[in-house]
Amino acid sequence: MSKFMYTGDRPELLRFLDVRGRTVLDVGCGTGGLTPHLKRAGAERVVGVELVDSLAAVAAEVCDAVITAPIEKVLSDGLLGQERFDMVILADVMQHLVDPWAVLRTLTDEHLASEGLVLVSVPNVANINVIAQLARRGDWRYDESGLFDRTHLRWFGAGTLTSLLEQAGLEPVTWGGRLSIGVGRFSKDRLSDDVSRVPKFAIYQFHVLARAATGGS
């Protein structure tokens, strides 16, 4: 596990969301850092899921409820009961899961409201920093965090992320992301609400807001 404490403080994600009056499930909420932003933006209820006890204890101070368990156990043991949410947030979670396809499918089928939305944020394996490392070293070197985080089990590009959404019966509403122009300390970041025409190597992270596909799946 990374030595860095994950706070879950991702206010930049709010540009893709309208949470006014909505119930939100924040999977991998860390210390609940996103919750105050969601509440200020008008979220009615925020439930967090966090597997690390110490982080969940902090999150419990700001979330309406926190379930301390891996998301796979939460789903298999029915720890969310029958509750369905208007918004499910998976911010940098999918790459840490053994079977992200099953998790997303179950969340969509069993815990997403009929008009609900899902936000999935994942790093882009086709980013120029990945290409540069492979070109320079001819190998994959792990780091404590970021694109090469040693705890990542899965990697996504535009195609694999599209497939992930489709198999869960979802279709994109907004296909945004964080752009990274340059390599290493010379890179410059900015957010974009539409990365469909951006060269894939310039995308550091995808931020995709999705809903149930028309006609179901």
Side-chain angles (χ1 to χ4, degrees), residues 6-53 55-122 154 156 161 164-165 167-174 176 205-213 217:
Y6 180 66
T7 65
D9 190 359
R10 298 287 301 281
E12 74 275 11
L13 297 178
L14 290 179
R15 70 181 286 148
F16 304 101
L17 308 175
D18 179 0
V19 297
R20 290 173 293 180
R22 296 189 175 190
T23 56
V24 180
L25 177 66
D26 185 4
V27 180
C29 66
T31 60
L34 183 59
T35 297
H37 302 289
L38 294 170
K39 289 288 191 173
R40 284 194 292 270
E44 179 179 298
R45 171 173 163 82
V46 179
V47 175
V49 173
E50 175 53 49
L51 62 86
V52 180
D53 290 349
L55 304 186
V58 179
E61 298 178 5
V62 291
C63 297
D64 294 288
V66 175
I67 300 173
T68 309
I71 184 59
E72 295 92 340
K73 182 175 177 61
V74 170
L75 297 175
S76 64
D77 292 2
L79 301 183
L80 288 169
Q82 301 298 313
E83 189 167 3
R84 288 182 177 266
F85 298 86
D86 302 311
M87 181 80 63
V88 175
I89 298 176
L90 296 138
D92 293 304
V93 169
M94 309 309 287
Q95 67 268 24
H96 296 279
L97 304 180
V98 172
D99 192 347
W101 301 275
V103 167
L104 185 59
R105 180 84 225 191
T106 303
L107 282 170
T108 301
D109 287 350
E110 299 182 8
H111 297 290
L112 186 66
S114 59
E115 300 296 323
L117 296 167
V118 177
L119 178 71
V120 176
S121 170
V122 293
R154 301 290 180 181
F156 296 94
L161 180 53
L164 175 71
L165 296 172
Q167 67 82 40
L170 299 169
E171 62 182 10
V173 175
T174 301
Q205 194 172 46
F206 292 108
H207 300 325
V208 180
L209 186 65
R211 64 188 173 196
S217 59

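In this chain, residues are counted from 1 in sequence order. What you are looking at is a predicted structure, and each value in this text was computed from that prediction instead of being measured.
No side-chain heavy atom of His37 sits less than 4.5 Å from a side-chain heavy atom of Val46. When side chains are defined from C-beta on, Leu55 does not count as touching Thr68, because their heavy atoms never get closer than 4.5 Å. Counting heavy atoms from C-beta outward, Leu38 and Ile89 have side chains that approach closer than 4.5 Å. Side-chain contact between Leu209 and Met87 is present, with at least one heavy-atom pair separated by less than 4.5 Å. At a threshold of 4.5 Å between non-hydrogen side-chain atoms, the residues Leu112 and Leu25 do not count as touching. Here the side chains of Leu90 and Leu107 are in contact, with some heavy-atom distance below 4.5 Å.
The side-chain contact (heavy atoms from CB on, under 4.5 Å) check on Ala65 picks up Arg45, Val47, with sequence neighbours excluded. With sequence neighbours excluded, no residue satisfies ring pair (Phe, Tyr, Trp, His ring centres under 6.0 Å) with Phe156. Residues satisfying the ring pair (Phe, Tyr, Trp, His ring centres under 6.0 Å) test with Phe85, not counting sequence neighbours, are none.
The distance from the CG atom of Leu97 to the CD1 atom of Ile71 is 8.5 Å, given to the nearest 0.5 Å. Rounding to the nearest 0.5 Å places CD of Glu110 at 9.5 Å from CG of Leu80. Taken from CG in Leu161 to CD in Gln95, the straight-line distance is 10.5 Å, to the nearest 0.5 Å. Taking CG of Leu165 as the reference point, atom CZ of Phe206 lies at 11.0 Å (rounded to 0.5 Å). To the nearest 0.5 Å, the span separating CG on Asp9 from SG on Cys29 amounts to 12.5 Å. Summarising the geometry, atom CD belonging to Glu50 is positioned 10.0 Å from atom SG belonging to Cys63; distances are rounded to the nearest 0.5 Å.
Across all their heavy atoms, Ala212 and Glu171 have their closest contact at O-OE2, 4.0 Å. Asp86 and Ala113 make their closest contact through OD1-CB, 3.8 Å (heavy atoms, listed as atom of the first residue, atom of the second, distance). Closest heavy-atom contact between Ala69 and Val49: O-CG1, 3.5 Å. A pairwise comparison of heavy atoms in Asp92 and Val122 identifies OD1-CA, 4.0 Å as the closest pair. The two residues Met94 and Pro100 make their nearest non-hydrogen contact at CE-O, 3.3 Å. When all heavy atoms of Ala59 and Gly32 are compared, the closest pair comes out as CB-N, 3.7 Å.
Judged by distance alone, with hydrogens and angles left aside, the side-chain atoms of Asp26 form no donor-acceptor pair with the main-chain N or O of Gly48 at under 3.5 Å. Under a 3.5 Å cut-off, the side chain of His111 and the backbone N or O of Glu83 do form a donor-acceptor pair.
Electrostatic pairing of Glu44 and Arg22 does not count as a salt bridge here, judged by no charged N lying under 4.0 Å from a carboxylate O. Between Arg105 and Asp99 no salt bridge is recorded (no basic side-chain N to carboxylate O distance below 4.0 Å).
Among Leu104, Val27, Val173, the single residue meeting the side chain to side chain contact (heavy atoms under 4.5 Å, CB included) criterion with Val118 is Leu104.
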